[in-house]
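Nothing fancy with the numbering, it's 1 onward along the sequence.
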Amino acid sequence: MSWDSYIDNLIAQTKDASGTAHCDKACIIGLDGGAPWTSAGHANAFKLQAAEGANIARCFKSKDFSVFMASGIHCEGVKFNFLREEDGKLVFGKKKEHGAVTLQASKTAIVVGHCPEGSQQGNLNKGVGVIAEYLESLGM
């Protein structure tokens with residue numbers, strides 16, 4: 001099964017009333033180890049480096065986000081400032097001129113979305129949440 005269609009679905013879920021999408025790239029990684037579920041070949045793939053995915057997965061698996069607080073959330077070589085965490089399942093980050101990231105865990109995966117500078121992170125949060133909650137409903 002190709003997980004890449006979930007990227008398109010996530011982006012579609014971030015559209016506002018005018019039809020503007022507030023996500024430009026996304027990915028899904030495994031909660032155990034951070035291996036990519038979506039491929040880097042998708043046009044809107046958020047291409048995390050292996051160490052970035054592993055670090056994100058480690059923080060979510062342990063529900064210890066102190067690494068993000070101290071060192072930021074690293075995605076595609078960019079250090080996003082940690083904003084906050086909710087319920088051990090949801091993390092928000094932002095970097096001026098680089099936009100924002102939202103990460104949400106399901107039982108076995110972490111959905112990662114990015115919105116460009118000037119877009120609304122609230123819409124991104126909605127899209128990431130829809131996919132993470134769908135995976136959760138499947139027991140994943």
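Residues Ala45 and Ile7 share a closest heavy-atom pair of CA-CD1, 4.2 Å. Closest of all the heavy-atom pairs between Gln49 and Gly77 is NE2-N, 3.8 Å. Taking every heavy atom of both residues into account, Lys79 and His74 meet most closely at CB-CE1, 3.5 Å. Residues Cys23 and Ile11 approach most closely at O-CG2, 3.7 Å, considering heavy atoms. Between Ala109 and Leu135, the shortest heavy-atom distance links the atoms CB-CD1, 4.1 Å. Asn125 and Thr102 make their closest contact through OD1-OG1, 2.6 Å (heavy atoms, listed as atom of the first residue, atom of the second, distance).
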**OP:** Show your reasoning for whether side-chain contact (heavy atoms from CB on, under 4.5 Å) applies to Ile110 and Ile56.
**Re:** CA-CA 9 Å; Ile110 303 161; Ile56 289 167; 4.0 Å; yes
**OP:** May I have the step-by-step check of side-chain contact (heavy atoms from CB on, under 4.5 Å) for Val128 and Leu10, ending in yes or no?
**Re:** CA-CA 6 Å; Val128 168; Leu10 189 156; 4.0 Å; yes
Subject >> Full working for side-chain contact (heavy atoms from CB on, under 4.5 Å) between Cys27 and Leu48 >> reply: CA-CA 8 Å; Cys27 65; Leu48 300 181; 3.8 Å; yes
Original post:
Can you check side-chain contact (heavy atoms from CB on, under 4.5 Å) on Val91 and Arg84, steps first, answer last?
Top reply: CA-CA 6 Å; Val91 168; Arg84 70 182 190 283; over 6 Å; no
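With rounding to the nearest 0.5 angstrom, the CG atom of Asn9 is 7.5 Å from the OG atom of Ser5. Taking CZ of Phe82 as the reference point, atom OG of Ser66 lies at 9.5 Å (rounded to 0.5 Å). Considering NZ of Lys126 and CD of Gln120, their distance stands at 12.5 Å, rounded to 0.5 Å. Taken to the nearest 0.5 Å, the OG1 atom of Thr38 stands 10.5 Å off from the NZ atom of Lys47. A distance of 12.0 Å separates CG of Leu31 from CE of Met140, quoted to the nearest 0.5 Å.
At distances below 3.5 Å, not a single donor-acceptor pair connects side-chain atoms of Glu76 with backbone N or O atoms of Phe46. Proximity of a side-chain donor or acceptor of Glu85 to a complementary backbone N or O of Phe92 within less than 3.5 Å is not detected. The backbone N or O of Gly127 lies less than 3.5 Å from no partner atom in the side chain of Gln13, so there is not a single donor-acceptor pair. With hydrogens and angles disregarded, a donor-acceptor distance shorter than 3.5 Å links the side chain of Asp16 to the backbone of Ser18. Lys15 places no side-chain N or O within 3.5 Å of a backbone atom of His22 that could act as its donor or acceptor partner. At least one donor-acceptor pair under 3.5 Å links the side chain of Ser62 to the backbone N or O of Arg58.
Note on ring orientation: taking the six-membered ring where Trp is involved, the planes of Tyr134 and Tyr6 are tilted (angle from 30° to 60°). The aromatic rings of Phe80 and His98 sit perpendicular, their planes meeting at an angle over 60°, well past the 30° parallel limit.
Remark: aromatic rings of Phe65 and Phe60 are close, center separation under 6.0 Å.
Defined by atom type and a distance below 3.5 Å, a donor-acceptor pair is missing between the side-chain atoms of Ser106 and Glu133. For His114 and Asp24, the side-chain atoms include at least one donor-acceptor pair closer than 3.5 Å. Between the side chains of Ser39 and Asp4, at least one donor N or O sits under 3.5 Å from an acceptor N or O.
Linking Ile, Leu, Val, Met, Phe, Trp and Tyr whenever their side-chain heavy atoms come within less than 4.5 Å puts Ile73 and Met69 in one cluster. Note on Val111 and Val101: separate hydrophobic clusters, where clusters join Ile, Leu, Val, Met, Phe, Trp and Tyr whose side-chain heavy atoms are under 4.5 Å apart, directly or indirectly. Trp3 and Ile131 end up in the same hydrophobic cluster when Ile, Leu, Val, Met, Phe, Trp and Tyr side chains are linked at under 4.5 Å. Cluster annotation: Val78 is connected to Ile29 through the hydrophobic network of ILVMFWY side chains, with a link wherever side-chain heavy atoms come within less than 4.5 Å.
Counting non-hydrogen atoms of other residues, nucleotides and ligands closer than 6.0 Å to CD of Glu86 gives a total above 12.
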